[in-house]
Structures are given as structure tokens and as C-alpha cells.
Amino acid sequence: MRKLAVGLISFAVALVAGLFIDASARAQQLNPKETAVLFVDFQNEFASETGNLYPILKDELKRKNVLENAVSLMKTARERGMLIVHTTAGYSPGYAELDASNPGLFHKIVRARKAFVAGSPGVELWDRLRPGPKDTDIVLKGRTAMSGFQGTDLNYVLRSKGIKNLAIAGFVTNICVEQTGRDAYDLGFHNYFLADVMAAKNAEDQAFTEKNNFTYIGKVTSWREFVDMIAVTQ
């Protein structure tokens, strides 16, 4: 009888655990119609070997296979029916809209590298992520702020499409990606930071941002783990 009782208890525990795991898995399922993939500044300046800012990120791009991951993410997102949005950077020739006396490094680096000048090849989307004639990706106008929400229609676009969940990828992890995520969080979006589809200038900056900053405003995940959360609809 004791063996039978122990066996029944073990079976019950396993059953409850199984039900809990199954419920947790269901709870993780995201509606693709309420989910968007946001590529932050996936432009030639960062992603192309000829880009003015590519040298800053090249080691991390290669270490994490960021560019190939981005292509795979884009293809899978389209297959699963998710919205794809690109927020981009862009400045007028001569950077007239910037305050050269501001001590912050963000715009100083852009100016020093002569990056993201409107009309230059650097502001164009990286060729392997450019939408084709039949794709419904949304490409927002170039902005001069860190956050993809500042000076753009990003919030309006996401709201009008019924988006609740936001998977964020792009450059630079601890600058424009993080600032975009902070604004998204304050606006009520559920953030998923795709750590293997973004890059900082080194592994230390990436790790610090993932552990100490992203966790307060979203969930850190890989692109594969993220797409596994997307419910498959008929």
C-alpha cells in the first residue's frame, strides 16, 4: 500500500507540474497581430562594411552573428504575420539641427564620423532588410534623437495597428536601442529585447545593459526564443 501511495503521489505531482508548465507555455504565447518587430537604425552606417560607424560595432556584429540573425528574424516575422517597422536616423547636410556646444558624446560622434547625412548611402536601410514591392514593412523618416519615438510617427503607427508587444533589435544597444525601449515601456508596450540581433561597441557594454537596464523595462531573449512565443494562427 505504501508503494502504491507513493506512486500515486508522484503521479499527482508530475501531473500538476505538467499542467503548470503547459499553462505557462500558453501564457507566453503572443498574438502575432498584436506584435511588431522594431529594427532600430539598421542602416548602412552600422551594418555595411562601408558604413562610417561600422568599425565601432564590427567585432560584436561578428561575435553574435547579428546580421544573419536579423535576416532570419525578418523572414520568420513575415511568415508569422508580425508587423515590421524600421526607425531610422538622418540629419541635414552640415548638421544644422544640432547644438555643437552640447557636451554629450552622442551627436559629437555622429558629426565626427560624418554619419547619417540625408541623401547619402549611409542613411539607407541595409540592403538585406529592405522591404520588397510586396512587403508591408513600415520605414519611418529619419530622426535626430536617440529614441525611435522622438520626432517620428512610431507611437501612432503602433497604436493604429493594435500593437501591444514590441520586439526590439538594432544599434547601438546601450544608446538608441535602450532609449527607444525606455520610451516604449513608459508608453505601455511590452518589450522583448532580442540580444542577438543588436550590438554595442563591446561585449561588456552589451552584458551590462542586458543585466542592469533591459530587465527593468522588458524581457531579454534571443530572436529564436522570441519567435517561439508567437502563436501560430491558421
Side-chain angles (χ1 to χ4, degrees), residues 27-43 46 57 66 70 73-74 77 82-91 97-99 102-110 116 125 129 137-201 204-223 225-227 229-231:
Q28 284 291 313
Q29 293 292 289
L30 305 177
N31 183 343
K33 300 303 181 184
E34 296 178 345
T35 305
V37 175
L38 178 63
F39 288 103
V40 178
D41 301 345
F42 235 103
Q43 296 161 268
F46 285 127
L57 302 181
V66 170
L73 168 64
M74 176 193 66
M82 288 180 274
L83 177 68
I84 296 176
V85 182
H86 297 269
T87 180
T88 64
Y91 302 81
E97 60 271 81
L98 300 185
D99 175 8
N102 193 309
L105 287 177
F106 175 59
H107 285 144
K108 287 184 181 295
I109 293 172
V110 170
F116 295 113
L125 287 183
L129 289 192
D137 305 9
I138 296 173
V139 182
L140 300 174
K141 66 180 181 179
R143 66 183 201 288
T144 60
M146 288 188 188
S147 171
F149 287 92
Q150 295 297 319
T152 74
D153 294 327
L154 180 55
N155 187 43
Y156 172 79
V157 167
L158 298 177
R159 299 293 185 193
S160 66
K161 299 291 185 179
I163 299 301
K164 175 181 178 182
N165 311 302
L166 201 58
I168 305 177
F171 314 116
V172 170
T173 298
N174 55 321
I175 304 176
C176 292
V177 172
E178 181 179 338
Q179 190 62 41
T180 299
R182 288 181 181 277
D183 281 356
Y185 181 81
D186 282 342
L187 289 167
F189 294 101
H190 296 186
N191 291 331
Y192 296 85
F193 293 100
L194 309 186
D196 53 355
V197 199
M198 63 178 66
K201 67 179 181 179
E204 291 74 20
D205 284 356
Q206 180 72 35
F208 181 91
T209 305
E210 289 180 23
K211 179 180 179 181
N212 297 285
N213 299 343
F214 282 170
T215 52
Y216 286 93
I217 54 176
K219 179 180 178 65
V220 179
T221 182
S222 70
W223 79 266
E225 291 170 338
F226 170 73
V227 297
M229 300 178 192
I230 304 301

Would you please name every residue forming a side-chain contact (heavy atoms from CB on, under 4.5 Å) with Lys141, sequence neighbours left out?
none
Inter-residue atom distance Gln179.CD - Asn174.CG, 0.5 Å rounding:
11.5 Å
Just jot down the side-chain contact (heavy atoms from CB on, under 4.5 Å) partners of Phe106, sequence neighbours excluded, or say none.
Tyr91, Met146, Ile175, Cys176
Passing candidate, side chain to side chain contact (heavy atoms under 4.5 Å, CB included) with Phe39, options Leu73, Val85, Thr87
Leu73
Any chance you could measure Phe226, atom CZ, to Ile168, atom CD1, to the nearest 0.5 Å?
10.0 Å
Could you tell me if the side chain of Phe171 sits less than 4.5 Å from the side chain of Lys201, heavy atoms only?
no
Could you tell me which non-hydrogen atom of Gly181 sits nearest to which non-hydrogen atom of Ile217, and how far apart they are?
C-CD1, 3.8 Å
Would you please name every residue forming a side-chain contact (heavy atoms from CB on, under 4.5 Å) with Ala77, sequence neighbours left out?
Val37, Met82, Ile84
Answer whether the closest heavy-atom distance between the side chains of Phe189 and Asn155 falls below 4.5 Å.
yes
When you compare the side chain of Met229 with that of Lys219, does any pair of heavy atoms fall below 4.5 Å?
yes
Contacts of type side chain to side chain donor-acceptor pair (under 3.5 Å), residue Asn165, not counting sequence neighbours:
Thr35
Leu158 versus Phe149: any side-chain heavy-atom pair under 4.5 Å?
yes
For a side chain to side chain contact (heavy atoms under 4.5 Å, CB included) with Thr180, tell me which candidate from Asn191, Asp41, Leu38 qualifies.
Leu38
Starting from the C-alpha separation in whole Å, work towards a yes-or-no answer on side-chain contact (heavy atoms from CB on, under 4.5 Å) for Asp205 and Thr173.
CA-CA 8 Å; Asp205 284 356; Thr173 298; over 6 Å; no
Measure from the side-chain N and O atoms of Arg143 to the backbone N and O of Gly90, and report whether any donor-acceptor pair falls under 3.5 Å.
no
Supply the atom-to-atom distance Ile138 CD1 to His86 NE2, rounded to the nearest 0.5 angstrom.
10.0 Å
Does a side-chain heavy-atom distance below 4.5 Å link Phe116 with Phe46?
yes
Might you point out which heavy atoms bring Ala70 and Phe42 nearest each other, and give the distance in Å?
CB-CZ, 3.5 Å
Report the distance from atom CG of Leu98 to atom OG1 of Thr144, rounding to the nearest 0.5 Å.
6.5 Å
Spacing of Leu129 atom CG and Met74 atom CE [to the nearest 0.5 Å]
5.5 Å
Nearest heavy-atom neighbours spanning Leu194 and Met198:
O-CE, 3.5 Å
Partner residues of Ala195 under the side-chain contact (heavy atoms from CB on, under 4.5 Å) criterion, sequence neighbours left out
Gln206, Glu210, Val220
Taken in chain and number order and not counting sequence neighbours, the residues that satisfy side chain to side chain donor-acceptor pair (under 3.5 Å) with Asp153 are none
Please tell me if the side chains of His107 and Asn102 come closer than 4.5 Å, counting only heavy atoms from C-beta onward.
no
OG1 on Thr209 to CD on Glu204, rounded to 0.5 Å:
11.0 Å
With heavy-atom distances below 4.5 Å as the criterion, would you say the side chains of Tyr192 and Leu30 are in contact?
yes
With a 4.5 Å cut-off on side-chain heavy atoms, are Lys164 and Asn31 touching?
no
Minimum heavy-atom separation for Ala145 and Gln150, please, with both atom names.
CB-CB, 3.5 Å
Where the side chain of Ser160 meets the backbone of Val157, is there a donor-acceptor pair that is under 3.5 Å apart?
yes
Under the side-chain contact (heavy atoms from CB on, under 4.5 Å) rule, what do Leu57 and Val172 come out as? Steps first, then yes or no, please.
CA-CA 8 Å; Leu57 302 181; Val172 170; 4.1 Å; yes
